[in-house]
Number of protein chains: 4
Amino acid sequence: MTQSYPRLVRGRPRDEEADGAILDAALALLSEQGYGGLRMEAVAARAGVAKATVYRRWPDKLSLAMAAIGRIPELPPVDTGSLLGDLRALRTALAALFRTTRLAGVLPALAAERMRRTSAAARIDALMQARYRPWVAAIERAIARGELPRTASADARLIADLLAGVLMQRVFFTGGPVDEKTWKKVVSIVVGGLRRG
Amino acid sequence: MTQSYPRLVRGRPRDEEADGAILDAALALLSEQGYGGLRMEAVAARAGVAKATVYRRWPDKLSLAMAAIGRIPELPPVDTGSLLGDLRALRTALAALFRTTRLAGVLPALAAERMRRTSAAARIDALMQARYRPWVAAIERAIARGELPRTASADARLIADLLAGVLMQRVFFTGGPVDEKTWKKVVSIVVGGLRRG
Amino acid sequence: MTQSYPRLVRGRPRDEEADGAILDAALALLSEQGYGGLRMEAVAARAGVAKATVYRRWPDKLSLAMAAIGRIPELPPVDTGSLLGDLRALRTALAALFRTTRLAGVLPALAAERMRRTSAAARIDALMQARYRPWVAAIERAIARGELPRTASADARLIADLLAGVLMQRVFFTGGPVDEKTWKKVVSIVVGGLRRG
Amino acid sequence: MTQSYPRLVRGRPRDEEADGAILDAALALLSEQGYGGLRMEAVAARAGVAKATVYRRWPDKLSLAMAAIGRIPELPPVDTGSLLGDLRALRTALAALFRTTRLAGVLPALAAERMRRTSAAARIDALMQARYRPWVAAIERAIARGELPRTASADARLIADLLAGVLMQRVFFTGGPVDEKTWKKVVSIVVGGLRRG
DNA sequence: GTCTAACCGAGACGGTACGTCCTGTCTTAGT
DNA sequence: ACTAAGACAGGACGTACCGTCTCGGTTAGAC
């Protein structure tokens, strides 16, 4: 599918490897120091690249940070065949992602930027929604399978926000537990509420 | 109950008005610029105070920011006599708080600091839990009144996180609507699920 | 001659010991750190005194420094009976003073202040002239004794400046030696020139 | 004679004009405020340069001050053909330098630093000796011409210190006059003493 | 086989904020 | 009226980082 067009531009082509090195460096530093501690000079040094090479590719720190976050794998596609199985798998996958990638350290920083800079909000929203898509998909599959009432179909995103939201709330704000047992209660309440409604 | 002890400290006492002026300045800047844009020099200038006077009271930016956030009023005590009334009132009060105070701009920044600095986590947790207390209280009152099953009493905090969490999720991460109509659905799902369980 | 009047002023009398403690502290710090490194807070701390107590006695740093320098002993009265003996003794005494008291570290700092602040010049001049008086006195005695021609009497201060000046020049500016042998040459040139003239 | 080598250093070259602007600013402030009143921020502002640009070139205030003093012209080469002519010219030139450049305000400050910081002494000595070289040269020429006895040749520097020293002594310490008439007496004493010796 | 344009590393640039330090003044309670 | 203690406004310190710019040099397609 990919095809090699003759380059229209002249001059020395960009070093394609640099992109990866820069993003890896940025992500590592973002994970270690948070957004506020992310230093462009440190990114360049760690990537073995000049600072201008970073700025040539991303115009500022936020853009770089967002691109770096894009390197964090999304939740793996989950489809166990049942709503309860999917939700269990999603929580486990999210916990694993938070444990192995420091995504958890980066998301609130991104949210903070989002609240602060209107110009950044749209871009960040797109990134966030992509990451929450597996949750919505699981709800929609459950409706299609008849596990949830058809009336819930308009509210798939709301239900996803309700489920994912309680995890975020605890991880980022109240620090409460997000273990398997707690999760079962949440699922029971929400799914029960939906079926009853 | 309060009693006037002789001052044990010597030397010129701190200017008590300065505390308020500094916190007001910090809060204003926090609201306008966010945590990342909070400048100690700007705080001092706006408060009409020397920079050293700020640092004498709060050792760093995070401490100052947290103290400033302490000036934002908490959710007003809500007790309408019914769970649904309380929850409606809480959402309205929170929306008003976010609309009038830029608390919304500050919370994710605080969460970001919390994820980044272990030493900050405990202090921030305390502040956060105080702010979420009205939610827990409303749930506990509902259980006491018999509106929610007695079996839910162990999970009051989880339920509060579930309800508040979906609001936070939408405000900070997915940008979805948090209006009255949406809220009714959320309350219906969660309360329905609890009663059924 | 001194007489004890009843104190006319009311209130607590000044702690007379504090003067000495402050000046000693100032002199010690002046010697260790130079005028530029003299810190009023350090003086107060070292003297075991509050800062205000220092400022009550001396209005600013320069005044304090000058008063502290006043504690350095002047050249001892020298009168060996001959010009050559006096000059030898004066050089030895000055060298000892520079070796034991760090006066040498303080004089150029004072000279620098003198060049900078017109208001300080007169006070500093008075202090300096007092310190150079033994040189003038030795010249005047030599004239009285007939060791130097009577025509030199108008120039006693110039001659003193010539003799002391070469020592200052070497100590402060060119770093050349100021030993006994060098001094003999200087004395021989100057005294020879005066007798010949 | 000058030759153009390829630049060995990489990166953007330093702005050569900035050097001059910084030194001029430093010298102006040094003249107006003295060494103690020299402010790095004021230097940068006056030079129209960022503070870091100053620190990139000179690591501290003393280095900058010394470099700035290097901009003050040295005594012009003096060679009138006779010792008395040279000495008259040197005094006149030095007086002019002190009158037009505030070198006089800076030298004692430098001497004070020299006494305070061993590490600074060698550098300052070199600067000072360069400035006193014309005096030594005049003495050496006089010896070569036979105006002074050949036996004085070992003491050229001492004689220079004696002559320049009395001027320094009066300008910096005792405040006595350094006019033409006074100078004639000094020259007469010193030259007379040397010829007689 | 040049020419030219965009790239590259390196590092200086103006600007801004940091957190610390010091001066000289002021404000307490206590002697 | 003094004392110790220490807070105050103001302002400089030297460091660090941002995003831009300017070098000499490299690497490609266009001529």
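From a predicted model like this one, the values you see are computed outputs, not experimental measurements. These values consider heavy atoms only, across backbone and side chains, with no hydrogens, waters or symmetry-generated copies.
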Specify the residue among C:Ala18 and A:Pro59 whose closest nucleotide of DNA chain F lies further upstream toward the 5′ end. C:Ala18
If you assign D:Ala52 and B:Asp60 each to the DNA chain E nucleotide with the nearest heavy atom, which residue ends up on the more 5' nucleotide? D:Ala52
Has C:Lys61 got its NZ or CZ under 6.0 Å from the middle of the six-membered ring of C:Tyr35, at an angle within 45 degrees of the ring axis? yes
Which part of the nucleic acid, if any, lies within reach of A:Leu38 when heavy atoms closer than 4.0 Å are counted: base, sugar-phosphate only, or nothing? sugar-phosphate
Rounded to whole Å, CG of A:Leu29 lies from P of F:dA16 at a distance of 17 Å
Measure the distance from CZ on D:Arg14 to C1' on E:dG11 and round it to the nearest whole Å. 9 Å
Shortest non-hydrogen pair, B:Gly105 vs A:Met115, comes out as CA-CB, 3.9 Å
Over all strands shown, is B:Asp15 touching base, sugar-phosphate only, or nothing at heavy-atom distances under 4.0 angstrom? sugar-phosphate
Side-chain N or O of C:Arg12 less than 4.0 angstrom from OP1 or OP2 on E:dA29? no
Any side-chain N or O of C:Arg39 below 4.0 angstrom from OP1/OP2 of E:dG24? no
Would you kindly give the NZ-to-P distance between A:Lys61 and F:dA16, to the nearest whole Å? 16 Å
If you draw a 6.0 Å radius around CD in D:Glu17, do more than 12 non-hydrogen atoms from other residues or ligands fall strictly inside? no
What contact category does D:Arg56 fall into here, base, sugar-phosphate, or nothing, at under 4.0 angstrom with non-hydrogen atoms? base
Name the residue closer to the 5' end of DNA chain F, choosing between C:Glu16 and B:Glu16 according to the nucleotide with the nearest heavy atom. C:Glu16
Could you state the atom-to-atom distance from CZ of B:Arg10 to P of E:dT28 in whole Å? 17 Å
Is the count of non-hydrogen atoms from other residues, nucleotides or ligands lying under 6.0 Å from D:Glu32 atom CD greater than 12? yes
To the nearest Å, give me how far apart CH2 (B:Trp58) and C1' (E:dG19) are. 17 Å
So, is A:Lys51 near the phosphate of E:dG9, with a side-chain N or O under 4.0 Å from OP1 or OP2? no
What nucleic acid atoms does C:Gly48 come within less than 4.0 Å of, heavy atoms only: base, sugar-phosphate, or nothing? sugar-phosphate
Atom CD1 of A:Ile22 and atom P of E:dC7 are separated, to the nearest Å, by 13 Å
Using whole Å, report how far CD of B:Glu41 lies from C1' of F:dT15. 13 Å
From the options F:dA4, E:dT28, E:dG15, select the nucleotide whose nearest atom is closest to the side chain of B:Pro13. E:dT28
Taking A:Ser31 for the side chain and A:Leu27 for the main chain, is one N or O donor matched with an acceptor at less than 3.5 Å? yes
In whole angstrom, what separates D:Tyr55's OH from E:dG15's P? 17 Å
Are any of A:Thr53's side-chain N or O atoms less than 4.0 Å away from OP1 or OP2 of E:dC7? no
